[in-house]
**Q** 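One structure is given below, represented as C-alpha cells, and several questions about it will come after.
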Amino acid sequence: MRIEEKDYNTIWFDEKNQVVKIIDQTKLPHKFIIKDLKNIKDVINAIKKMEVRGAPLIGGAASYGIVLAIIEKKDFDFVKKSSEDLIHSRPTAINLKWAVDRMMKKLSNININEALKVALNEARKICEEDIKSCKNIGLNGLKIIEEIYKKKKETVNILTHCNAGWLATIDWGTATSPIYHAHKKGIPVHIWVDETRPRNQGANLTSYELNEEKIPNTIIADNTGGILMQRGDVDMCIVGTDRTLFTGDVCNKVGTYLKALAAHDNNVPFYVALPSSTIDWNIRDFKDIPIEERNAEELSHIEGIDQHGKIKKVMIYPEKSKAMNLAFDVTPAKYVTGLITEKGVCEASTDALQKMFK
Ligand code: MRU
C-alpha cells in the first residue's frame, strides 16, 4: 500500500547489503523511518520493542530472522538456538511460531552450505503467501460490505480495533483489506478507529495508513464504540486476530472482547479477518492461550511530538500508582458473526474451520 503516494511492503530483504529492511512502527505517525536489521539480535529486538508488530508481520520478520542467523553463522546449533529465541520474543501471536517451525522444517536434512538459499527462498514465500492471503481476505470481506451498501445505499460505517492493517501484515492487512477493496470499487466507507490504548495502534497506525489511502476515518476513544452502536452509527465491526482457536474463539488486542459484547447487544455484525496461519489447531481451552503482559510503562507514559517537531515521552499517572498492562483478550466464538479468511467467510466453529481448512 501507499505512503506519500509511494508503494511499500512492510518488510523486504536487501540482497546487496544482506540486511532486512523494515518500517520502524514505533516512530509512526510522526516519522517515517526505514530501518536495517543486520542480525538475529536486531530482529528479536525489533519484535520485542514492536518496531515490527501485528501477527502476520512478526511471522514474516521471524522467517527473515532465520535467514540473518544463517548469514551470521553457518552453524545449525546457532540457527536452532535463534529459532527458539525468536519464538519466545512475543508469546501470543501464533504466526510467529508457525513461521519459525515452517522455516526449520525446510532446513532439516539439508547441508549447511545450501541453508541460506533455502531459507531465503522460504522466507520470501511466507511473505508472498501472506500478501496473497490478505488480498483474498479483502475480496471475500468485500462481499459483506457490498451487501450492507446495497441495503443501506449510504456510506458504510465500519468500526475496527488496534491495527490489523497493512502495517500489521506484509501488504493489504486483514481487517483493512475488505475496506481497501470496497474503497477501490467506489463503495463509500467511513471507519471508526478505536484509539487502542495503551500503545495507540489505532490512532498511530490504522488512522495513518487509512489517511495515506484517502479513506475517511475518525479516531475514537476506546470506550466510545458502545454509544455509537446504540445510536446506529456502526454498520459492522471488523477486527484482526493474533490467534484464533479451532473452536472459533478469537484472541486479539485487549479491548476486542468488550467491543464484541457491545456489538452483540446492538445486533451489529462482528467479523474477524484472518489468514489460516493465525489458526491454532492445538489449544482447545482459551484459558491456555499465553496472554502477553507488557511493561506498565506503556500505560503510565505517553509519547508524542512537541511544537519543535521533537518526539517526547511524558508521565501521565500518579507517581505512586501501580498499573497493569495485559496486551490481549479473548472473544468467545458465540460473539463472532463470521471469520473472513483467504478461502471464504465461515462460522466461528470447529466444524466450519475444519471444513474450510482440513
Ligand atoms: O500488539 P500488536 O500491535 O502486535 O497487536 C496486533 C493486533 O492485535 C492485531 O489485531 C493482530 O495482530 C492482527 S494483525 C493483522
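It should be emphasised that the depicted structure is a prediction, and the values quoted were computed from it without experimental measurement. Whatever order the structure lists ligands and atoms in, that order sets their numbers, starting from 1.
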**Q** Tell me, please, which residues at least two apart from Arg197 pass side-chain hydrogen bond (donor to acceptor under 3.5 Å, both in side chains).
**A** none

**Q** Listing request: all salt bridge (Lys or Arg N to Asp or Glu O under 4.0 Å) pairs with a residue in residues 306-315, at least two apart in sequence or in separate chains.
**A**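 Passing the test, one end in residues 306-315: Glu297-Lys313, Asp306-Lys312.
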
**Q** Among all residues two or more places apart in sequence or in another chain, which pass the ring-ring contact (aromatic ring centres under 6.0 Å, His included) test with Phe32?
**A**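 Testing Phe32 for ring-ring contact (aromatic ring centres under 6.0 Å, His included), a comparison that skips the adjacent residues, returns Tyr8.
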
**Q** Are any protein N/O atoms closer than 3.5 Å to the N/O atoms of ligand 1? If there are, list each pair with names and the distance to one decimal place.
**A**
from     : atom 1 : to     : atom 2 : distance (Å)
ligand 1 : 1 (O)  : Arg90  : NH2    : 2.8
ligand 1 : 1 (O)  : Lys253 : NZ     : 2.8
ligand 1 : 3 (O)  : Arg53  : NE     : 2.7
ligand 1 : 3 (O)  : Arg53  : NH2    : 3.2
ligand 1 : 3 (O)  : Gln201 : NE2    : 2.8
ligand 1 : 4 (O)  : Gly54  : N      : 3.0
ligand 1 : 4 (O)  : Arg90  : NH1    : 2.9
ligand 1 : 8 (O)  : Asp242 : OD1    : 2.9
ligand 1 : 8 (O)  : Asn252 : OD1    : 3.1
ligand 1 : 8 (O)  : Lys253 : N      : 3.4
ligand 1 : 10 (O) : Asn252 : OD1    : 2.7
ligand 1 : 12 (O) : Ala55  : N      : 2.9
ligand 1 : 12 (O) : Asp242 : OD1    : 3.3
ligand 1 : 12 (O) : Asp242 : OD2    : 2.9

**Q** Quick check on the hydrophobic clustering: are Leu339 and Val330 connected, directly or via other members, by side-chain heavy-atom contacts under 4.5 Å?
**A** no

**Q** Are Ile179 and Leu274 co-members of a hydrophobic cluster defined by side-chain heavy atoms under 4.5 Å apart?
**A** no

**Q** Any link between Met236 and Val345 through a network of hydrophobic side chains (Ile, Leu, Val, Met, Phe, Trp, Tyr) touching at under 4.5 Å?
**A**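 As far as the 4.5 Å side-chain criterion goes, Val345 and Met236 are connected within one cluster.
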
